[in-house]
Amino acid sequence: MMILKKTSDLSAYIDNQREKGRKIGFVPTMGALHQGHISLINLSKNENDDTICSIFVNPTQFNNPEDFEKYPITIDHDIELLEAAGCDVLFLPSLEEIYPANFNNKRYELGKLDTILEGKHRPGHFQGVCMVVDRLLAIVSCDILYLGQKDYQQCLVLKKMIELEKLGVTITIAATVREKNGLAMSSRNSRLSDQEKKQALCIYQSLESLKKNIQPGDLTELKEKAINIISDAGFVIDYLDITDINLNPIHNWDGQINLIGLVAASTNQVRLIDNMMITS
Ligand code: AMP
């Protein structure tokens, strides 16, 4: 695997591959890689000639400075995992490579996506996500961008950003990879103690309870029971919502449309998110 740190080196590599007519898949990450990330690499390898992964802990998407400072960094292990998965190129840029002094900061018109759920609880977060992915896509001209359903709202946000900016990139969304017990894999899980990891299962269990007990009609009681599963385990909930696939809240289900349950909850300053299709 080639490790490139300079934008100019990566652009030269990509131009060369493009001249040869090679198809390029791109997996942007913030590192502290796990099998969830690797599933995206595997998907890309199956569908492209070259797979590029980036690792960049993007400061502009952290609304909480402490979360940024404590974000896990495991670069040697990340490189081992990427090598083993057969990733072709790791892009490992510095802050200056991504945000040079002349960087032009713009605002993305994301509409309600910016103000609901993650947008509401992490002001500015999605603007930062769009800023970095827009910049990365300018450097990594790819055919397919690989994203995880684990960050469902982020997938919708980036789809919108790609449309707004007319970037012409296809998105493939990969299913959430979970631990055997159901806990969604996340870089932030490494900040949990063994005991907290067990408690964190409540998030998966709450989503499973939505899926198991969903019935047409009023969803208030179903939602309350799911919320209780999380608070009984000692996690503090930011939100637990039931929405349609476009993230419009649904309070009364017609038994027809597809629903998704979404949760954000934290313990001891570690904030986790998860979601699940609860119908279909
Ligand atoms: P991150 O490093 O957290 O920014 O994530 C990089 C990419 O990996 C994003 O598209 C995430 O949605 C995706 N991802 C993170 N966790 C998982 C998981 N458990 N399963 C599948 N994809 C994931």
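Heads up: numbering here begins at 1 and tracks the sequence. Each ligand, and each atom within it, is numbered from 1 in the order the structure gives.
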Using the test ring-ring contact (aromatic ring centres under 6.0 Å, His included), find all partners of His121 that sit at least two apart in sequence or belong to another chain. Tyr239

Do any pairs count as a salt bridge (charged side-chain N to carboxylate O under 4.0 Å, His left out) and have a residue in residues 70-80, sequence neighbours left out, and if so which ones? Glu66-Lys70

List the steps and the verdict of salt bridge (Lys or Arg N to Asp or Glu O under 4.0 Å) for Lys106 and Asp134. CA-CA 10 Å; Lys106 63 181 153 195; Asp134 194 5; 3.4 Å; yes

List by chain and number: which residues place a heavy atom under 4.0 Å from ligand 1? Pro28, Thr29, Met30, His34, Gly36, His37, Leu40, Tyr71, Leu147, Gly148, Lys150, Asp151, Ala175, Thr176, Val177, Met185

With sequence neighbours left out, write down each residue that passes ring-ring contact (aromatic ring centres under 6.0 Å, His included) with Tyr204, or none if nothing qualifies. none

Do Ser11 side-chain atoms and Ser8 backbone N/O form a donor-acceptor pair below 3.5 Å? no

Out of the candidates Arg178, Arg188, Lys150, only one should pair with Asp274 under the salt bridge (charged side-chain N to carboxylate O under 4.0 Å, His left out) rule; please name it. Arg178

